[in-house]
There are 2 protein chains.
Amino acid sequence: MQTQSDIRLTPQRQVILEELAKVKTHPTANEVYDMVRKRLPRIGLGTVYRNLELMADNGMILKLEVGGSQKRFDATTDLHYHIRCTGCGRVDDIQFSAMPQLDQLAANSSDYQVLGHHIEFSGICESCDDPQEAKK
Amino acid sequence: MQTQSDIRLTPQRQVILEELAKVKTHPTANEVYDMVRKRLPRIGLGTVYRNLELMADNGMILKLEVGGSQKRFDATTDLHYHIRCTGCGRVDDIQFSAMPQLDQLAANSSDYQVLGHHIEFSGICESCDDPQEAKK
DNA sequence: TTAATAAATGAGAATGTGTATTATTCCTAT
DNA sequence: ATAGGAATAATACACATTCTCATTTATTAA
Ligand SMILES: [Mn+2]
Ligand SMILES: [Mn+2]
Ligand SMILES: [Zn+2]
Ligand SMILES: [Zn+2]
């Protein structure tokens, strides 16, 4: 039995992990593809999707199913929350400490076996808040 | 100025609203389409999408951008939280009281103008937890 | 009431994200 | 070196959602 299964560290997987770890932007699969392609020009988009999914299943990275039409990925796997700009779609971390005790509350008030939770704030980021700034 | 703008209550919109209000299941656009079609057999799927979107923009209903590949809709607009079954995808309400003060916390720890938040729990629903039950 | 104008609809095409298929390449273990 | 299994690249496919536009329906102004 292993949740952290022994997945083979192919060159593609290594580069995907490294590039994802470099950024704090919670990139989409396509954005990861673009980053990775600079180092592995022949990699396929399917490989990126397949491996991001696989790494998320193995707990090596997080798959964020936030608002908007695309899933996003996060190299930081400890429980933390996010805010999404309704203007431009960017996703940033929210720094205050997580509240794992919420899971117990949810378990008490439902018939589910609760596995976890995520909080997604929405708002307007600095660039979108200040159109003058953007025009300059 | 009106957030709750004066949207015309066409027969299509009325039926969409009524059918959505009937259920507690947070249906997808397609599921709403199926419900509505029993009363308005000639309605177009595009009309359902267009009006669900418009009603959500006007605060008449909620659009839930939860995990999974489809958006879901909710006739209950006051702040409350949801849990999604990772087995079958169903979405239910979580009954404990909302925490609007979280928005202030998020505002303090970010550069965003915070507009709101949503909490999505994940877990296993009763039917999915009990395969025997499902087989019967 | 009627004519003009505007808004909404229905049908279907188009877009975009993500998944499945498959032949080929790459590892790994004998 | 060889055989079996795993991973990849290319591409086809699925499907949720949006877009386009001709037609219908509602509103407004004579
Ligand atoms: Mn993060
Ligand atoms: Mn609800
Ligand atoms: Zn923004
Ligand atoms: Zn379930």
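Values reported hereafter were calculated over all heavy atoms of this structure, with side chains retained and with hydrogens, waters and symmetry mates removed. Below, chain A is the first sequence line, B the second, and so on; all start at residue 1.
For residues 31-55 of chain B, the set of pairs meeting the ring pair (Phe, Tyr, Trp, His ring centres under 6.0 Å) definition, not counting sequence neighbours, is empty. Among pairs with a residue in residues 64-73 of chain A, none fulfils side chain to side chain donor-acceptor pair (under 3.5 Å), at least two apart in sequence or across chains.
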Worksheet item: Taking it one step at a time, do Arg37(B) and Asp34(B) satisfy side chain to side chain contact (heavy atoms under 4.5 Å, CB included)?
Response: CA-CA 5 Å; Arg37(B) 222 165 9 157; Asp34(B) 286 340; 2.9 Å; yes
Practice prompt. Starting from the C-alpha separation in whole Å, work towards a yes-or-no answer on side chain to side chain contact (heavy atoms under 4.5 Å, CB included) for Met55(A) and Leu20(A).
Written response: CA-CA 12 Å; Met55(A) 292 175 191; Leu20(A) 183 60; over 6 Å; no
Item to complete: Verify side chain to side chain contact (heavy atoms under 4.5 Å, CB included) between Glu120(B) and Glu120(A), making sure each step is shown before the conclusion.
Response: CA-CA 8 Å; Glu120(B) 181 190 341; Glu120(A) 182 192 340; over 6 Å; no
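Hydrophobic side-chain contacts under 4.5 Å tie Ile124(B) into a cluster, directly or through other members, with Leu115(A). Taking Ile, Leu, Val, Met, Phe, Trp and Tyr as hydrophobic and joining them when side-chain heavy atoms fall under 4.5 Å apart, one finds Tyr112(A) in a cluster with Leu79(A), Tyr81(A), Ile83(A), Ile94(A), Phe96(A), Met99(A), Leu102(A), Leu105(A), Val114(A), Ile119(A), Phe121(A), Leu79(B), Tyr81(B), Ile83(B), Ile94(B), Phe96(B), Met99(B), Leu102(B), Leu105(B), Tyr112(B), Val114(B), Ile119(B), Phe121(B).
For Lys38(B) and Glu19(B), the salt-bridge test fails: no basic side-chain N is under 4.0 Å from an acidic carboxylate O. A salt bridge does not link Glu53(B) to Arg50(B): none of the charged nitrogens lies less than 4.0 Å from a carboxylate oxygen.
A distance of 12.0 Å separates CG in Leu62(B) from CG in Leu52(B), rounded to the nearest 0.5 Å.
Scanning DNA chain D 5' to 3' for nucleotides with an atom closer than 4.0 angstrom to a non-hydrogen atom of chain B gives a first and last hit of dA16(D) to dT27(D).
Whole-Å rounding puts the Tyr49(A) OH to dG16(C) P distance at 12 Å. Residue Arg72(A) contributes atom CZ, which lies 15 Å from atom C1' of dG18(C) at whole-angstrom precision. With rounding to whole Å, Gln12(B) atom CD is found 8 Å from dA8(C) atom C1'. The nearest whole Å value for the distance from the CG atom in Leu45(B) to the P atom in dG10(C) is 11 Å.
Panel note: side chain Asn51(A), backbone Thr47(A); a donor-acceptor pair is recorded below 3.5 Å. Of the possible polar contacts, none joining the Asp93(B) side chain to the Gln95(B) backbone as a donor-acceptor pair under 3.5 Å is found.
Applying the side chain to side chain donor-acceptor pair (under 3.5 Å) rule to Asp78(A) yields no partners; only residues at least two apart in sequence or on another chain are considered. Shown here are the side chain to side chain donor-acceptor pair (under 3.5 Å) partners of Ser122(B), two or more places apart in sequence or in another chain: there are none. The ring-ring contact (aromatic ring centres under 6.0 Å, His included) test applied to His82(B) returns His26(B), His80(B), His118(B), not counting sequence neighbours.
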Fill in: Nucleic acid footprint by protein, nucleotides 21-30 of chain C - heavy-atom cut-off 4.0 Å, B for base, S for sugar-phosphate alone
------S---
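Rounded to 10 degrees, the angle separating the terminal axes of the helix from dT1(C)-dA30(D) to dT30(C)-dA1(D) is 30°, with each axis obtained from five end pairs.
Within residues 22-44 of chain A, the residues approached by DNA chain D to less than 4.0 Å at the level of any non-hydrogen atom are Arg42(A), Ile43(A), Gly44(A), in residue-number order. A heavy atom lying under 4.0 Å from DNA chain C marks the following residues of residues 63-70 of chain A, by number: Ser69(A), Gln70(A).
Using a 4.0 Å heavy-atom distance criterion, Thr47(A) is classed as a base contact.
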